[in-house]
Amino acid sequence: MSAERASAEDERSYVETARRENRAAVEALGVPAFAYRFERSHTSAEALALYDDAMGEEGPEVVVAGRLVSWRPKGKVAFGHLEDTAGQIQIYIKRDDLPLAWPLVNLLDLDDYIGVTGRVFRTRAGEITIRTSAVALLAKSLRPLPRGKTVTDPEGRTQVFGGLTDPEVRFRQRYADLAVHPEVRDIFRLRARTVGYIRRFLDDRQFLEVETPVLQPLYGGAAARPFVTHHNALDTRLYLRIADELYLKRLLVGGFERVYEIGHDFRNEGMDRTHNPEFTMLELYQAYADYEDMMRLTEELLSGLVQHCTGGHALERGGVTLDFTPPFARVDFVEGIRARSALDVRSASDPEMRDALRRTGSEAADLGTLSGGKLQDEVFKQFLEPHLLQPTFVLDYPKPLSPLAREHRSDPSLTERFELFVGGRELVNAFSELNDPDEQRRRFEEQVRQRAAGDDEAHAFDADYIRALEYGMPPTGGLGMGIDRLIMTLAGQESIREVILFPAMRPES
RNA sequence: GGGGGCGUAGCUCAGCCGGUAGAGCAAGGGACUUUUAAUCCCUAGGUCGUGGGUUCGAGUCCCACCGCCCUCACCA
C-alpha cells in the first residue's frame, strides 16, 4: 500500500473506515479513544497461575491489560483473548455483568488495547478466564493487524491460516510482524539474554566494557569497503567504522589489560541472508594472552552460553546436532586444505591455485585477477569451509591474509590466527595480536602496495596506530565474534534479518 | 552488479487456450447469555505493481520500469 493512499481520507480501506467510525462512536459515549495510563494488578501469566479449581467461579479478582487479539461477540455475551508481555488470557464479558459499559463493549475492535477487571474462573470448555466486571479502553486500533487465523487442534498443535508472511512487509513493518508473531518477539528476547550473558561472562573475568568511535577519519581492522560521510564543521571526510580493532588495541597501550566492546560495524557491501550493512560485533582484547588463550575463552563462552540457553551442550539445527562440548575440533588451515586438495597454499603459485579452483568449478568472478592472500582465501572457501559443520577452530592462517596478526612462532609464513566455524558459518576470528610496531609498519606498507594494485579492501596505512604501538603494547590475544550470526545459530534462523529488529531495506518509494 | 522467480480484495491465495474478477479469513447489518477456527442469514469490498505495446478484446501475450524473493559475485 502506498503512503499517499494510507493518508488519503477518501481512499482509506473500508476496514479502516469502519474502525474510525467505531472510534467516533466511542468518543460520542464520552470515552476517550486513548487513555493516559492504566494500573494493572497482574500479567496474563500471573493471573492464570493464581487460579485453582477449588476456587470454582469465585477466583481472585485481577486487573489485566493488553491487546485484544481475538474477539468473539456472541449476542449478549462476548469472549476474547488479551495478549500482554507474558502471554494471553481469555476474557468473558456478559452484558448483565456490566450493563452500563455494554455499548462500549460493542464498539471494541480486534487489536484494541484494553484493561479488564474481573474474577478468574474456568469456563465449561475448560479454559481459565476472567469474568469481566469492568472494561477500560486504553488505545483504539485504527488499522487492523495482518493476523492470520490460529487454529489449535485437539493435540494442542497450532496452525496459522493466512497471516503476515510477505518478507517485505514483515521487515518494513516490523512492528506489525512483532505484534502478530509472539515467536518473533521470542527471538529478540533470546538475543537480549545472549548479549546479557556475554557481558556478565566478560565482566566476571575483569574485562572492561568500552566504547570507541563509530565515526573515524581512517577505517581499518578488517577488509571491507566503508560507508563514507562528511563532517560539516571540520569539513572533513569520515568513515563509519568497519571494525573496532585498532582503537581497542590502542587502549591496551593505554594500560587497560582487558577490554571489550559490543557495537555496530558498517560495511558497504552486498546484502544477503548472512550480511546486513550494519551488524553487531563483539571484540575483546586480553593482555598477556595469545590465541591459544582465545580458543579456551571461546570454548568457555560458547559452551556456557549454549548451556545457559538449552540446559545442555547440544543445539539441534537443520537435522544436525551441533555439539558445543569443549574442547572444539581443530583443523590446520594449511593441512586441512592439503588433505582435501593436495595443495600447499604456502608454496603453491598463483596459477596452481587458480587451476585447482577452476577444476572444482569455483565461480569466483575475478579468479584471473585474484592473487596471493585472496587466492589462498578462495582455496579455503572452496575446499575446507563447506565441511566445517561442528564447532571447529581453523588455525594458523597464511600471513598475507592477516595483516594485524602476529607471525606464527614456529612458521614465519603463517600467523597465529584462528577462526571458529559452526554450521559452515564463520562465527569467531581471533589472533595473537601483532604488537611489534616495525613489523606492523611493514605489513601496512604491503597493504598499501596491494591497494595501489587495485585491492580496494586493503588496509590504509594508520600512522597513529603505529605511533601507539611504538609506546609499547603488551602481548595480547584478541577476538571478534559476530553477534547476529551467533543469534542465528542459537535461534535456528537461516536469515540474518530474522535476528535484526529493523534490517536494512531499500527505502520505501 | 549477473541469472531465475514473483507482484490479483485489509491478510493468505485461486484465476485454464486472451472474452471484462473468485475463495477463506478479516469488515458491515441481523440472530445467539460459558465461546474458543464460535455458528447461522444477509451485505459490501478490486485502476489485477507502474507505463507502453499487440489484439475487436489483456489479470492472462510482448517490452520497459519499480519492488520483493531465490541464487551467484563481494563480504563477516
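Note that the coordinates shown come from a computational prediction; the quantities given were computed from them, not determined experimentally. First the proteins, then the strands, lettered A, B, ... as listed; each starts at 1.
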Is a donor-acceptor contact shorter than 3.5 angstrom present between the side chain of [X] and the base of [N]?
| X | N | answer |
| --- | --- | --- |
| A:Thr123 | B:rU35 | yes |
| A:Gln90 | B:rU35 | yes |
| A:Arg124 | B:rU34 | no |

Reckon [X] touches a base, only the sugar-phosphate, or nothing at all at heavy-atom distances under 4.0 Å?
| X | answer |
| --- | --- |
| A:Ala78 | nothing |
| A:Glu57 | base |
| A:Glu426 | sugar-phosphate |
| A:Asn276 | base |
| A:Ala224 | nothing |
| A:Arg131 | base |

Between N or O atoms, less than 3.5 Å apart, protein on one side and nucleotides 28-33 of chain B on the other: list the pairs.
unit_1: B:rC32; atom_1: N3; unit_2: A:Gly75; atom_2: N; d: 3.0
unit_1: B:rC32; atom_1: N4; unit_2: A:Gly75; atom_2: N; d: 2.9
unit_1: B:rU33; atom_1: N3; unit_2: A:Asp96; atom_2: OD2; d: 2.8
unit_1: B:rU33; atom_1: O4; unit_2: A:Asp96; atom_2: OD1; d: 2.9
unit_1: B:rU33; atom_1: O4; unit_2: A:Asp96; atom_2: OD2; d: 2.2

Roughly how far apart, to the nearest Å, are [N] and [M] at atom [atom1]?
| N | M | atom1 | result |
| --- | --- | --- | --- |
| B:rU8 | B:rC68 | C1' | 16 Å |
| B:rC61 | B:rG3 | C1' | 23 Å |
| B:rG53 | B:rG57 | C1' | 15 Å |
| B:rA21 | B:rG30 | P | 31 Å |
| B:rG29 | B:rG45 | C1' | 15 Å |
| B:rG5 | B:rA64 | P | 13 Å |
| B:rA23 | B:rC65 | C1' | 32 Å |
| B:rG22 | B:rG15 | C1' | 7 Å |

Whole angstrom is fine here: how far is it from [atom1] in [X] over to [atom2] in [N]?
| X | N | atom1 | atom2 | answer |
| --- | --- | --- | --- | --- |
| A:His181 | B:rU12 | NE2 | P | 10 Å |
| A:Leu142 | B:rA27 | CG | P | 15 Å |
| A:Asp272 | B:rC70 | CG | P | 9 Å |
| A:Arg241 | B:rA76 | CZ | P | 16 Å |
| A:Arg170 | B:rC69 | CZ | C1' | 13 Å |
| A:Phe79 | B:rA37 | CZ | P | 12 Å |
| A:Leu110 | B:rA37 | CG | C1' | 13 Å |
| A:Ile242 | B:rA76 | CD1 | P | 9 Å |

Give the minimum heavy-atom separation between [X] and [Y], together with the two atoms involved.
| X | Y | value |
| --- | --- | --- |
| A:Leu384 | A:Phe333 | CD2-O, 4.2 Å |
| A:Ala243 | A:Asp265 | CA-OD2, 3.5 Å |
| A:Leu107 | A:Asp112 | O-OD2, 4.3 Å |
| A:Glu416 | A:Tyr291 | C-CD1, 3.3 Å |
| A:Tyr465 | A:Leu434 | OH-O, 4.3 Å |
| A:Pro503 | A:Arg174 | CD-NH2, 4.4 Å |

- Among the nucleotides B:rU35, B:rA76, B:rC11, whichever has the atom closest to the side chain of A:Pro146 is B:rC11

Which nucleotide, in any strand shown, forms a Watson-Crick or G-U wobble pair with [N], with both distances under 3.5 Å?
| N | value |
| --- | --- |
| B:rA9 | none |
| B:rG59 | none |
| B:rC16 | none |
| B:rA37 | none |
| B:rA64 | B:rU50 |
| B:rA73 | none |

- Query: Taking the nucleotide of RNA chain B with the closest heavy atom to each, which residue, A:Leu145 or A:Met281, is nearer the 5' end?
  - Reply: A:Leu145

- Message: Judged by each residue's nearest nucleotide on RNA chain B, which is more toward the 5′ side, A:Glu278 or A:Met505?
- Response: A:Met505

- Message: Looking at B:rA76 and A:Phe279: do their rings stack (centroid distance under 5.5 Å, interplanar angle under 30°)?
- Response: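 Per 5.5 Å and 30° rule: yes, stacked.
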
- Item | Pairs satisfying salt bridge (Lys or Arg N to Asp or Glu O under 4.0 Å), at least one member in residues 61-73 of chain A, at least two apart | none

- Query: Is B:rC17 in the syn or the anti form, by the rule that syn lies within 90° of 0?
  - Reply: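 This nucleotide is in syn.
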
- Message: On the nucleotide B:rC68, are OP1 or OP2 found under 4.0 Å from the side-chain N or O atoms that A:Arg172 carries?
- Response: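 Checking A:Arg172 against B:rC68: at least one side-chain N or O falls below 4.0 Å of OP1 or OP2.
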
- Message: Measuring to OP1 and OP2 of B:rC69, would you say a side-chain N or O of A:Arg497 lies under 4.0 angstrom away?
- Response: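 The answer is yes; a side-chain N or O of A:Arg497 sits under 4.0 Å from OP1 or OP2.
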
- Message: Check A:Arg425 with A:Glu385, please: is the shortest side-chain N to carboxylate O separation under 4.0 Å?
- Response: no

- Message: Whether the side chain of A:Asp84 engages the backbone of A:Gly87 through a donor-acceptor N/O pair (distance < 3.5 Å, no angle test) should be reported.
- Response: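 Here the side-chain-to-backbone pair exists.
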
- Message: Measuring from atom CG of A:Asp111 to atom CG of A:Leu145, what distance do you get when rounded to the nearest 0.5 angstrom?
- Response: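 Between A:Asp111 CG and A:Leu145 CG, I get 4.0 Å after rounding to 0.5 Å.
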
- Item | Any residue meeting ring pair (Phe, Tyr, Trp, His ring centres under 6.0 Å) with A:Phe393, in chain and number order, not counting sequence neighbours |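 If we apply the ring pair (Phe, Tyr, Trp, His ring centres under 6.0 Å) test to A:Phe393, skipping adjacent residues, the hits are A:Phe328, A:Phe418.
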
